[in-house]
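Numbered from 1 within each chain, the chains take letters A, B, ... in sequence-line order.
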Amino acid sequence: MLQQTVVATVRPYYDKFLAAYPTVTHLAAASVEEVCALWAGLGYYARARNLHKCAQAVVAMGGFPDCIEGLRGLPGIGPYTANAIGAIAFSLPVLPVDGNVERVTARLFAITDPFPGAKKSITKAAERLIEDKDARAAPGDFAQALFDLGATVCTPKSPNCLICPWAAHCQGQADGLADTLPVKVKKAERPRREGVAYVLLDKANNVVLLRRPPHGLLGGMLVLPEVPPIMARWRQAGTVEHVFTHFALTLTVRVARVSALPEGVLSAPVGSAPVPSVMRKALDAACLALNHAGDDKRSA
DNA sequence: AACACGGGGAT
DNA sequence: ATCCCAGTGTT
């Protein structure tokens, strides 16, 4: 869950998740649809599908791998997470290199090559840190201390070098470069796309949803139809804006209410439907539009 | 090596 | 507005 996501965002999802799946066996026995529902709103939904597959693989092999190579072979476990589990769970002498460790390392050794090209050399430099005797004595603590140093002291902007325990050893600080590292190449401008979402409600406020294919954007998640699911008097409900990683979306929302939904369609209560954030915005816009329509009728 | 893949909080 | 976060998988 913490891959590319801050702790404060993850916490409520983590709590829900562990309440639903106290052990890896529970998670493996769950349906992927239920796992996706618990993940709705957290983003990067491949993580949910991979974690579920990972749990099934772990159960199938009778337990967790306890070496880096074994962990690395599991779905959703890349070089970072394999090392994080290795260091924290198994006290292996490895260093998980996350964004914090990259930044601290780039500054500590004054590495001025720009990302992402310098990622390799920064990772190699970071790995040297775990060769220290005290670090190897507690690899999990060392890694987590480094995360926290990056998150609270060696921050992306205006790092607090005055209170940094490593300031005396920091080449970036000595060179007066600390706040300029790591150097990053400017990312391409985010394109803008447009789309339409149809919100079909019944009298009990159930909304028609579709399940996305298991790969690609919002893979495996419940979403609103992009084409009208039935002929109806569709009302405009305005537009919502949403920014994805690599494009910005303007979504036009249309809404209709019918006495009963078509037979066999997926649906959920509009207020609690487990959908990605962009779809939650669309549902809220649709409900707002309907409420205003009701106001107009009452006043007329 | 480059790209696809969410969402939200900090600045 | 921009940056960036306890990154991974695919092309």
Side-chain angles (χ1 to χ4, degrees), chain A residues 1-14 36 39-51 53-54 71-89 94-106 113-123 126 139-152 154-160 179-193 212-221 223 240-249 251 274-281:
Chain A
M1 284 183 170
L2 288 165
Q3 290 166 355
Q4 286 287 286
T5 308
V6 294
V7 173
T9 300
V10 162
R11 184 185 296 287
Y13 288 86
Y14 179 82
C36 285
W39 207 279
L42 188 56
Y44 281 171
Y45 298 100
R47 294 180 299 177
R49 306 190 303 270
N50 284 334
L51 185 58
K53 278 192 295 186
C54 181
L71 291 164
R72 189 64 183 74
L74 292 168
I77 308 294
Y80 162 78
T81 306
N83 279 13
I85 296 171
I88 296 169
V94 293
L95 179 62
V97 181
D98 72 338
N100 292 305
V101 176
E102 285 175 354
R103 183 172 57 255
V104 170
T105 303
D113 312 316
F115 267 84
K119 187 161 173 70
K120 208 109 180 174
S121 62
I122 288 185
T123 298
D141 291 344
F142 183 71
Q144 292 177 79
L146 217 40
F147 299 162
D148 290 340
L149 182 69
T152 64
C154 195
T155 51
K157 291 162 189 173
S158 20
N160 200 341
D179 61 344
T180 72
L181 299 176
V183 178
K184 306 216 171 183
V185 299
K186 192 173 85 170
K187 44 189 92 164
E189 192 174 337
R190 213 185 322 255
R192 172 168 298 281
R193 298 187 201 166
R212 298 268 291 186
H215 298 295
L217 189 71
L218 309 181
M221 301 303 292
V223 298
V240 296
E241 299 289 328
H242 191 77
V243 179
F244 290 96
T245 305
H246 57 292
F247 68 95
L249 178 67
L251 198 57
V275 293
S277 291
V278 59
M279 296 298 154
R280 174 50 53 193
K281 289 181 186 175

Under 4.0 Å, counting only non-hydrogen atoms across every strand here, what does [X] touch: a base, just sugar-phosphate, or nothing?
X	answer
A:Arg280	nothing
A:Gly216	sugar-phosphate
A:Leu42	base
A:Gly41	sugar-phosphate

Answer yes or no: is there a side-chain heavy-atom contact under 4.5 Å between A:Val185 and A:Pro116?
->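 SC-SC contact between A:Val185 and A:Pro116 confirmed.
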Out of C:dT8, B:dG7, B:dC5, which has the shortest distance to the side chain of A:Val278?
->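 Selected nucleotide (nearest to the side chain): B:dG7.
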Quick one: is [X] getting a side-chain N or O under 4.0 Å of the [N] phosphate, OP1 or OP2?
X	N	value
A:Ser158	B:dT11	no
A:His246	B:dC3	no
A:Tyr45	B:dG7	yes
A:Thr245	B:dG7	no

Going by 5.5 Å between centroids and 30° between planes, is there a stack of A:Tyr80 over C:dG7?
->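 The ring of A:Tyr80 is not stacked on C:dG7.
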Pi stacking test for A:Phe244 and B:dC5: under 5.5 Å apart, planes under 30° =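 Stacking between A:Phe244 and B:dC5: absent.
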Taking the side chain from A:Tyr45 and the backbone from A:Gly216, do they hold a donor-acceptor pair closer than 3.5 Å?
->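 The answer is no, because no donor-acceptor pair under 3.5 Å joins these two groups.
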With distance as the sole test, does A:Arg190 use its side chain to make a donor-acceptor pair with the main-chain N or O of A:Val243 at under 3.5 Å?
->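 Pair absent, no side-chain N/O of A:Arg190 close to backbone of A:Val243.
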Separation of A:Arg47 CZ from A:Leu2 CG (nearest 0.5 Å) |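 Between A:Leu2 CG and A:Arg47 CZ, I get 8.5 Å after rounding to 0.5 Å.
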Listed in order of residue number, which residues of residues 1-10 of chain A have a non-hydrogen atom at under 4.0 Å from DNA chain C?
->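 Under 4.0 Å from DNA chain C: A:Leu2, A:Gln3, A:Gln4, A:Val6.
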Only counting residues at least two apart or in another chain, list the ones meeting side-chain hydrogen bond (donor to acceptor under 3.5 Å, both in side chains) with A:Thr81.
->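 Result, side-chain hydrogen bond (donor to acceptor under 3.5 Å, both in side chains) vs A:Thr81: A:Gln3.
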With sequence neighbours left out, write down each residue that passes side-chain contact (heavy atoms from CB on, under 4.5 Å) with [X], or none if nothing qualifies.
X	result
A:Leu249	A:Arg193, A:Phe244, A:Phe247, A:Leu251, A:Val278
A:Asp179	A:Pro159
A:Ala126	A:Leu95, A:Val97, A:Val101, A:Thr105

When the C1' atoms of C:dC4 and B:dC5 are considered, how many whole Å apart are they?
->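 15 Å, rounded to whole Å.
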What interatomic distance, in whole Å, is found between P of C:dT8 and the corresponding atom of B:dG8?
->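 Straight-line distance between the two P atoms is 22 Å.
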Distances under 3.5 Å only, N/O to N/O: pair up the protein atoms with those of nucleotides 9-11 of chain C.
from, atom 1, to, atom 2, distance (Å)
C:dG9, OP1, A:Gly76, N, 2.5

When the nearest nucleotide of DNA chain B is assigned to A:Lys120 and to A:Lys281 on a heavy-atom basis, which residue is associated with the more 5' position?
->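 On the 5' side of the pair lies A:Lys120.
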